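Predicted, not measured: the structure shown is a model, and the values here were computed from it.
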Amino acid sequence: MKNFIKIPIIIFGFIILLNQVAKAQQKDTALKVLIVIAHPDDESGFAATIYKITHDLKGQADICLITNGEGGYKYSTLAEDYYGLELTDEKIGRKNLPTIRKRELMNAGKILGITNFFMLDQMDNKYTLNEKDPLDTTWDVEFVKRRLNQIMTKTHYNYVFTLLPNPGTHGGHKAATILALETVKNLKPEDRPIILSGTMGIKGDTSKIRFSELKGYPDTKMKVDSALFSFNRLTPFGYMNRLNYKLVASWELAEHKSQGATQMYINQGDYENFWYYAMNEDAGIAKTKALFERLKIVPYKPKKY
């Protein structure tokens, strides 16, 4: 009699567990994310997270690209044979790389499941750590902010992804994030998406990045000085658990063939870490945590051979 009672309880518990998993795996076609980046290939920092959102959750991800990426001509040595152009010649590179790099981004976007691409065609002048270089000289800042406002107003995004504006990062990366933050801040409160900034982490690295605010830009103030959310690219799946999501990052980064220096990062980065800005509402923390919990779920059923 005791065993008879235990079996239904076990079955009932198993059914509850299955329902919880099914609920977590529900497709979320209402989930919309806008990725705001300065250069083609910047999206690679969020590759696995984007892939999971579009493929597993069936959410929408769009990319807003601010520059043409022509400043990367110095790293195109191997791509010269591939494209049949002397891309490392500045004049030739600057003329042809805007078209080439946009095509590379769209190829990478096909892998990631990107729905829309918004190209703002601002000049990619040179590598610099100074965010004022693009903001005060080469970018039409008012145009960029106006387009970002139009894009965010037309499609009510749940999230905006940007790169972490660390002092040591490319000035263009910081500038793109600053403009995205300004745009979000100026939207009506009910229309504001949650804005996050990401960077990659390495397994075993105990020197955690700390970031609280970029000096001179109060909009960059974080809720806390460390990443609140993370996606583990090393999450195993497939036959004998031999696969993980670094494959996705490698696939999409390999599409950026004109950028040799960037491609040296293939197979690097074990985590995609995200910071939460202070301008976001506190309630958004729980909402975002729930999203990243759903992203942990591996949808692939094990097969027997």
Flag if over 12 foreign heavy atoms under 6.0 Å of [atom1], [X]:
X: Tyr75; atom1: OH; value: no
X: Leu78; atom1: CG; value: no
X: Lys145; atom1: NZ; value: yes
X: Tyr265; atom1: OH; value: no

Open item on the list: Let me check something: do Val184 and Leu164 share a hydrophobic cluster, defined by ILVMFWY side-chain heavy atoms less than 4.5 Å apart, either directly or through other members?
Closed with: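 Val184 and Leu164: one cluster.
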[atom2] on [Y] to [atom1] on [X], rounded to 0.5 Å:
X: Asp124; Y: Thr138; atom1: CG; atom2: OG1; value: 8.0 Å
X: Phe118; Y: Ile151; atom1: CZ; atom2: CD1; value: 5.0 Å
X: Ile53; Y: Phe46; atom1: CD1; atom2: CZ; value: 10.5 Å
X: Leu253; Y: Met264; atom1: CG; atom2: CE; value: 11.5 Å

Open item on the list: Are Tyr245 and Phe237, when compared by the centres of their aromatic rings, separated by less than 6.0 Å?
Closed with: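 When the ring centroids of Tyr245 and Phe237 are compared, they turn out to be within the sub-6.0 Å range.
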Looking only at side-chain N and O atoms, does [Y] offer a donor or acceptor that is under 3.5 Å from a partner on [X]?
X: Asn149; Y: Thr183; result: no
X: Tyr157; Y: Asp62; result: yes
X: Ser76; Y: Thr88; result: no
X: Tyr51; Y: Glu252; result: no

Task: Passing candidate, side chain to side chain contact (heavy atoms under 4.5 Å, CB included) with Pro40, options Leu65, Thr262, Leu97 - done: Leu65
TODO: Output, in order, the C-alpha distance, side-chain angles, deciding distance and verdict of salt bridge (Lys or Arg N to Asp or Glu O under 4.0 Å) for Glu182 and Lys185.
DONE: CA-CA 5 Å; Glu182 289 183 12; Lys185 182 181 69 172; over 6 Å; no
Task: Note: Asp41-Arg101 ion pair, threshold 4.0 Å (strictly below) - done: yes
Open item on the list: Tell me whether Arg233 is salt-bridged to Glu272, with the criterion being a basic N under 4.0 Å from an acidic carboxylate O.
Closed with: yes
Open item on the list: Over 60° means perpendicular and under 30° means parallel, so tell me whether Phe161 and Phe274 are parallel, tilted or perpendicular.
Closed with: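 The arrangement is tilted - the two ring planes meet at 30° to 60°.
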